[in-house]
Amino acid sequence: MCHKSCLDGLFYHPMTNEATARTAREVLEERGALGKDTVAARVDGKVYDLHSPVPNGASEVKPIGAHDADALPIIRHSSAHVMADAVQRLFPGTKVAFGPATDDGFYYDYAKPEGSFTEEDLRAIEEKMAEIVEADSSFRREVVTRDDARALLQSLDEGFKLEHLERLDDPISLYRHGDWVDLCEGPHVPSTGFLKAVKLTSVAGAYWRGDERNPMLQRIYGTAFASPKALRAHLKQLEEAKKRDHRKLGKELKLFAFHPHAPASPFFLPRGSTIYNLLESYVRSLYARYGYEEVITPQIFDNELFHTSGHLPSYAENMYMAATSENLEKLQRRIEERPPKNAEEWTQAFGESLRFGVKPMNCPSHCLMYGMTKRSYRDLPMRMADFGRLHRFERSGVVQGLTRVRTFAQDDAHIFCTLDQVQDEIKSFLDLVYDAYRDFGFTDVRIVIATRPEKRLGADEVWDQSELALEEAVKARELPYEIAEGEGAFYGPKIEFHLKDAIGRPWQLGTIQADFNLPERFDLSYVGEDNTAHRPVMLHRAILGSIERFFAVLTEHVGGSFPVWLAPEQIALLTVSEKFNEYAKNVQQELEERGFRVTADLSSDKLGAKIRQARLMRIPYLGVIGQKEVDGQGLALRSRDENKDLGFIPLSEVFDRLAQENKPPSATHSTRGDSHR
RNA sequence: GCCCAGGUAGCUCAGUGGUAGAGCACCCCCUUGGUAAGGGGGAGGUCGUGAGUUCAAGUCUCAUCCUGGGCUCCA
């Protein structure tokens, strides 16, 4: 049974079996366009099974070869059917749910009478699938009445399918191969023999219909390609991705670590801290250019603040609460003296005692800061930047490496401005973001405008206004964008910046969000030209998102080979023998005096071992020191990125070379920055 | 939080009921060597934690913590 969304309206569903119409296969054959590897046909832009009848008036009928991009979802979804067939043969009594194709493979959800699937089960299922493929059974489409479908599913005792059937619109179609039948929209490959490269990859739990209140099903993931060669290439790419995993590199390169006493909370080791601080410095340099002012705000607040901001109670499940022992003693006395009689009284008693909350975001404190003084329109726009540490209690199953942690900092800022200034602020931020991403080597940036969600604060007129402002700014910069309906934050619509890393994985990092709610809640105002009070607009924005997550994405993007301006160590001095250690120390000092990050390997290891070690740590430059270098007052330089020995270079040239690379790419082009002010 | 898989030396891992292992890293010694691992020796572990079964538990059972793959949620 297909998940509707996987098909994305791509496929055509004939209303009836037109006995007189010719099939796509016949049409293609007649035109000599039917290849051995043709899996389906594209008819006027829609995908047809080869055995489906083509409308008489069709103007264009093109074959889809197994190696065309369009063929992959068809091959994968057909693989899902074959897997379900194999599973039901091997594990009688197992029921099926949804089995769509995904971006890189397919899955099928099962309700297994008992237990779950093991790795060995996957291998057995693969073998059974191979038999089904070997049998080369044809896929056949049948359009049936709702009653017939219901009767069939009842006879098969497929409860999930029955439930789904009632949600489907007519026509109802079934697909069969061999004896196996599935409620499905199609299309499919002509026969199971077309499935030449299938691999089952993993097993996982998944809720029926993705709702955590529903029963947990067993999901088997797999992937399929047109050929074993393409499958091997895919698996190879997964291997490459594994090598770049920031958790692996974080350990190998001594960047960060975790300890069970602080779950999901990273320790940045010295090398990682260097990069972390450089990321912050970089953002600070942009702030200087784009007119931001940095502030530092408290970590723990009276919960009164979070009630004002609305984070309590709506965000309570993600917040850490703090209590002093004095508070707790008070709570104890209160309970002894006046025992709470019901849930409400208990909540009240705790609320009075656990008076403090650890901030999960900076905005409330920035609102306080804004409100501390009387503001004039002349003060606006006010751009308040904050690298404050945030704590969010994330559920145990969702944390992951540095990408989802419980303590982190954002390159956060809030812009207070007038309604008239919103568009310009967003335009300027677009410039800032694109500059920053380019400096880190991310060129493939996608803009998504996320609009009002169902659960939200604020009036509809306010949402209308803010959504329009975001869209107009993006249009003004002539950037392509998409709209994500209902994906906005509860307090306002937002622009999200999605980018792809070096191996094509998508990430959402930066964002800018309009917020008409917090200024209201905090009763913020400014005195206008007309000498009356006005409500300012608040914009939340981040470039990197969280520094932690950006650290992870960047690490994987560069595969641990940080550019010179970010590398924890920019050059390693390697002596050929201990006789040259004295000279090495002098060079180290000279480099450090010039502000370079340098390490010296003065051990008694042989040069080969030292080079190996420095290469493993991905140090951009290696300076080998032997008699020749001492005599000539230079280094035998070796570059990581060019991966070659550059030969003897005098010290002054080494300094110049490092200085050249010791800044973000944009800083080497002098024209930048001014135009954005 | 839910389903599944893991947790043994700093790291990577072997060890299926009977005396805790290897390689690398670390320390010491020899070697002073010119572009990805020179040689020898030494030290290092209450096998995540807590209960239980057993004559005997890294190994079996239960609980719990942490990590990983998913689901749901998200910067």
Side-chain angles (χ1 to χ4, degrees), chain A residues 107 109 112 115-119 121 201-221 242 245 247-248 251-252 254 257-265 315 317-318 360-362 390 392-412 487 489 494 496-497 507-511 513 540 542-553 574-581 603-617 622-629 636-640 643-648:
Chain A
Y107 65 78
D109 287 342
K112 197 164 175 268
S116 55
F117 297 103
T118 64
E119 281 294 313
D121 290 342
T201 50
S202 63
V203 57
Y207 300 106
W208 165 239
R209 292 194 176 281
D211 189 325
E212 60 185 336
R213 290 164 301 191
N214 285 340
M216 174 80 55
L217 305 171
Q218 297 298 318
R219 174 172 295 179
I220 297 179
Y221 281 93
K242 253 189 195 164
D245 189 315
R247 291 165 300 190
K248 179 173 148 64
K251 224 183 265 184
E252 287 173 4
K254 301 189 198 306
F258 289 90
H259 192 280
H261 286 350
S265 306
Y315 200 73
E317 61 183 25
N318 284 307
M361 42 193 73
N362 293 311
L390 306 177
R392 297 183 189 176
F393 179 73
E394 299 289 353
R395 299 199 293 172
S396 63
V398 309
V399 298
Q400 196 227 26
L402 286 184
T403 57
R404 191 80 179 270
V405 292
R406 290 186 176 147
T407 172
F408 61 101
Q410 295 176 318
D411 58 338
D412 200 9
E487 299 285 310
K494 58 183 174 182
E496 296 173 352
F497 300 89
W507 296 93
Q508 193 232 301
L509 299 172
T511 182
Q513 319 188 350
H540 309 252
I543 308 156
L544 310 183
S546 96
I547 315 283
E548 279 73 6
R549 180 177 289 180
F550 188 79
F551 192 114
V553 174
L574 314 177
T575 49
V576 169
S577 99
E578 286 169 290
K579 281 186 279 191
F580 312 111
N581 284 1
S603 70
S604 64
D605 284 338
K606 296 186 75 164
L607 181 60
K610 292 184 182 185
I611 285 174
R612 180 183 144 80
Q613 189 52 36
R615 295 271 303 162
L616 286 175
M617 294 309 272
L622 309 186
V624 173
I625 295 171
Q627 192 59 52
K628 275 180 281 182
E629 289 69 36
L637 209 60
R638 175 170 161 153
S639 144
R640 173 194 69 195
N643 193 21
K644 66 174 184 193
D645 186 355
L646 303 174
F648 177 87

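Because the structure is predicted, anything quoted here is derived from the model rather than measured. Quick note on labels: first sequence line is chain A, next is B, and so on, each numbered from 1.
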Query raised in the report: Quick one: do A:R395 and A:E212 make a salt bridge, cutoff under 4.0 Å?
Result: yes

Query raised in the report: Is a salt bridge present between A:R219 and A:D109, judged by a nitrogen-to-oxygen distance below 4.0 Å?
Result: yes

Report task. Under 4.0 Å between any heavy atoms, over every strand shown, what does A:E578 touch: base, sugar-phosphate, or nothing? Just pick one. Result -> base

Query raised in the report: Closer to the 5' end of RNA chain B via nearest nucleotide, is it A:R549 or A:D605?
Result: A:D605

Report task. Could you please name the option among B:A36, B:A75, B:U72 that lies closest to any side-chain atom of A:S546? Result -> B:A75

Query raised in the report: Taking the side chain of A:P263 as its heavy atoms from C-beta onward, which of B:G70, B:U67, B:G34 lies nearest to it?
Result: B:U67

Query raised in the report: Under the criteria of a ring-centre distance below 5.5 Å and an interplanar angle below 30°, is A:Y221 stacked with the base of B:G70?
Result: no

Query raised in the report: The side chain of A:F408 lies closest to which of these nucleotides: B:G34, B:C71, B:A75?
Result: B:A75

Query raised in the report: Is A:Q218 side chain donor-acceptor paired with the B:G70 base, going by distance under 3.5 Å alone?
Result: no

Query - A:S202 or A:S577, whichever maps to the more 5' nucleotide of RNA chain B - result: A:S577

Query raised in the report: Hey, does the side chain of A:S396 come within less than 4.0 Å of B:G1's phosphate (OP1/OP2), counting only N and O?
Result: yes

Query raised in the report: Do any side-chain nitrogens or oxygens of A:Q400 fall under 4.0 Å of OP1 or OP2 in B:G69?
Result: yes

**Report entry** Given B:G34, B:C73, B:C3, the nucleotide with the shortest approach to the side chain of A:L607
**Finding:** B:G34

Requested in this report: Decide yes or no, distance alone: a donor-acceptor N/O pair under 3.5 angstrom between the base of B:A75 and the side-chain of A:E394.
Outcome: yes

Query - For atom CZ of A:F258 and atom C1' of B:G68, their distance in whole Å - result: 12 Å

**Report entry** Any A:K251 side-chain nitrogen or oxygen under 4.0 Å from OP1 or OP2 of B:U12
**Finding:** yes

Query raised in the report: Distance between the C1' atoms of B:G7 and B:G45, in whole angstroms?
Result: 14 Å

Query raised in the report: Between the side-chain atoms of A:Y207 and the base atoms of B:G70, is any donor-acceptor pair under 3.5 Å?
Result: no

Query raised in the report: Would you say A:R247 reaches B:G68's phosphate, i.e. side-chain N/O to OP1/OP2 under 4.0 Å?
Result: yes

Report task. Under a 3.5 Å limit for both distances, which nucleotide forms a Watson-Crick or G-U wobble pair with B:G33, could you say? Result -> none

Query raised in the report: Which nucleotide in the list B:A75, B:G69, B:A37 gets nearest to the side chain of A:A204?
Result: B:G69

**Report entry** Donor-acceptor pair (no angle test) under 3.5 Å: A:R219 side chain, B:C71 base
**Finding:** no

